[in-house]
There are 2 protein chains.
Amino acid sequence: MRESQTAEARPYHHGDLRRALLEAARRILEAEGPTALSLRAVAREAGVSPAAPYHHFKDKAELLDAVAEQGWEMLDKRMAEAKLEAEPRDKLNSLGIAYVCFARENPALYRVMYDAARDNEALPEEMVGDNEDSPYCKVRDTMIELGADPAARTELELATTAAWCAAHGLAEMAGFRQFEPLKEALGGELPFLRAIFAHMGLFPHVGRT
Amino acid sequence: MRESQTAEARPYHHGDLRRALLEAARRILEAEGPTALSLRAVAREAGVSPAAPYHHFKDKAELLDAVAEQGWEMLDKRMAEAKLEAEPRDKLNSLGIAYVCFARENPALYRVMYDAARDNEALPEEMVGDNEDSPYCKVRDTMIELGADPAARTELELATTAAWCAAHGLAEMAGFRQFEPLKEALGGELPFLRAIFAHMGLFPHVGRT
DNA sequence: AAGATATCTTTACGGCGTCCAGATGCCCAC
DNA sequence: GTGGGCATCTGGACGCCGTAAAGATATCTT
């Protein structure tokens, strides 16, 4: 039954709205930015009434959280690829570059992701959890592969956190116009990002004072 | 006439609203957070009609910009003190700590500051300008005092930018609950901040590979 | 077949940012 | 000093927002 998702994906009276809402949200986000992302606009874009989303999300924040979660998954995938493709010695840098590039290519989504995180005063557990191979663990394990002492837990966590902070700070800063001269002087955005990373001591303290 | 600014600062029909509005905004910000900071709430708090602010600010964004600017000035002052008080060898770290502490002590204000910056896609020129001794220049000059080559302009700017990114990233991240175990393990928030900074190579490349 | 349930619509409320037409008090030219 | 011009403030209105309640409609269970 239910002629179901053809190209146009008509979730008529029943169907998988939730997914349609999230897709609508992403469309609005890319087309008009984060400020245009209202619950009503999402419902409108998905072709339903303004109250319909409330059967799938408790409130607007929960919808935003779901959008953000998709973003985190995309970021995770991106970092996984980066780690796979890079030379062993380059893996840490590649992870950082992948992180920042994702943020730079999806600025609206990245903003939604961190707005949600700041509201919750926490990053999503899938990102930072110890259980699975979260992005956090990817960075940490890479540090071990690079020679960090796996027994020095606190030291490891500090190094991983420092790297994450550096990547996030760079991701937000890199969008500011003030740095365009510097980018040009270095021959583009990517060289700029690499140069900044090179200036940050992202490796764990293996014998540094 | 106009019994004028007694303790309660009654800017009746005339008086310096603008200042009163900014003070009201800051009061709301501290008491109820950034989400409660609406134009109407500010007007209400200042005791004027919802349309009154429009004679002093083009729109809400301009009011927010003005609030943010106050924040940047506070941050500047804070960093100036930190630089003065610290031992020469500690100046750079002290600047970073001062930056992050300000953000942690005024999270709502810090959020307004960077929300405005992200909207404008630029930090305020007073912060980052080359002309006066902006915070940016404070950091850069400190690097020179620490032995960086003042002639290597690009290198200097990279190092300064890297330091700013690190501080901003840490400032936002430090509020997340995930890091509380780590903070406790290190004996508080300040040791945590110092430890993270220690893991970041914030000094310019003087002879590093 | 029928009742229960999940989904969606309609309608409504208060708050928001913003604009416009007046009212109000101040300041300066005469 | 006084009267006109101007900056400032008010009141009311508009359309958008998030959200809630009540009613309609399709699906699922039995």
Side-chain angles (χ1 to χ4, degrees), chain A residues 1-5 8-25 27-29 31-68 108 112 115-116 119-120, chain B residues 1-5 8-25 27-29 31-68 108 112 115-116 119-120:
Chain A
M1 67 206 65
R2 166 200 301 103
E3 53 231 52
S4 84
Q5 322 1 5
E8 269 305 298
R10 288 266 294 95
Y12 178 65
H13 202 179
H14 284 240
D16 54 352
L17 199 70
R18 197 191 151 94
R19 185 183 314 271
L21 288 169
L22 291 178
E23 285 170 10
R27 245 174 287 142
I28 291 173
L29 211 49
E32 314 180 50
T35 59
L37 194 64
S38 68
L39 236 190
R40 290 178 105 104
V42 172
R44 215 178 299 135
E45 169 80 20
V48 296
S49 80
Y54 284 89
H55 293 270
H56 301 272
F57 303 98
K58 183 170 116 294
D59 55 11
K60 186 186 180 183
E62 203 168 283
L63 200 176
L64 273 291
D65 276 355
V67 173
V112 170
D115 280 352
D119 282 340
N120 301 335
Chain B
M1 66 203 60
R2 167 203 305 105
E3 51 231 53
S4 84
Q5 335 339 21
E8 271 304 298
R10 287 268 293 99
Y12 179 63
H13 202 182
H14 284 242
D16 56 351
L17 200 76
R18 195 187 155 95
R19 186 183 313 274
L21 288 169
L22 291 178
E23 284 170 10
R27 245 174 287 143
I28 292 173
L29 210 49
E32 312 180 50
T35 59
L37 194 63
S38 68
L39 237 190
R40 289 178 107 104
V42 172
R44 217 178 298 134
E45 170 79 20
V48 295
S49 82
Y54 283 88
H55 293 270
H56 302 274
F57 302 99
K58 184 171 118 290
D59 55 11
K60 186 186 179 182
E62 203 168 281
L63 200 175
L64 273 291
D65 276 354
V67 173
V112 170
D115 280 352
D119 282 340
N120 301 335

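Residue numbering restarts at 1 for every chain, and letters A, B, ... go by the order of the sequence lines. Bear in mind the structure is a predicted one, so any value in this text is a computation, not a measurement.
Nearest to the side chain of B:A51, among C:dC20, C:dT18, D:dC17, sits C:dC20. The side chain of B:L39 approaches C:dG17 more closely than any other nucleotide in the set D:dC9, D:dC17, C:dG17. Relative to the side chain of A:S38, the nucleotides D:dT10, C:dT10, D:dC17 differ in distance, and D:dC17 lies closest. Side chain of A:S49, nearest nucleotide from D:dC9, D:dT10, C:dT9: C:dT9.
Using a 4.0 Å cut-off, no side-chain N or O of B:R40 falls inside it from OP1 or OP2 of D:dC17. Phosphate contact (OP1/OP2 of D:dC9, side-chain N/O of B:R18, threshold under 4.0 Å): absent.
Comparing A:H55 and A:A36 against DNA chain D, the residue whose closest nucleotide sits nearer the 5' end is A:A36.
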Original post:
Given B:D65 and B:F57, is the side chain to side chain contact (heavy atoms under 4.5 Å, CB included) satisfied, shown in steps?
Top reply: CA-CA 10 Å; B:D65 276 354; B:F57 302 99; over 6 Å; no

**OP:** Evaluate the side chain to side chain contact (heavy atoms under 4.5 Å, CB included) criterion for residues A:V42 and A:L22: first the C-alpha distance (whole Å), next the side-chain angles of each, then the deciding distance (0.1 Å), finally the verdict.
**Re:** CA-CA 8 Å; A:V42 172; A:L22 291 178; over 6 Å; no

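Put simply, CD1 on B:I28 is 14 Å from C1' on C:dG15, counting in whole angstrom units. Atom CD of A:E62 is separated from atom C1' of D:dT19 by 14 Å (rounded to the nearest Å). The separation between A:L21 atom CG and C:dT7 atom C1' is 12 Å, rounded to whole Å. Summarising the geometry, the separation between CG on B:D59 and C1' on C:dC16 is reported as 14 Å, rounded to the nearest angstrom. The distance from atom CG of B:L37 to atom C1' of C:dG15 is 15 Å, rounded to the nearest whole Å. Remark: C1' of C:dG14 and CZ of B:R44 are 11 Å apart, rounded to the nearest angstrom. Taking atom CG of A:L64 as the reference point, atom P of D:dT19 lies 10 Å away to the nearest angstrom. Rounding to whole angstrom units, NE2 of residue B:H56 and C1' of D:dT8 are separated by 7 Å.
In this structure, the separation between CG on B:L21 and NE2 on B:H56 is 6.5 Å, given to the nearest 0.5 Å. We find the CD-CG distance between A:E62 and A:L64 to be 10.5 Å, quoted to the nearest 0.5 Å. Expressed to the nearest 0.5 Å, how far OG1 of B:T35 lies from CD1 of B:I28 amounts to 11.0 Å.
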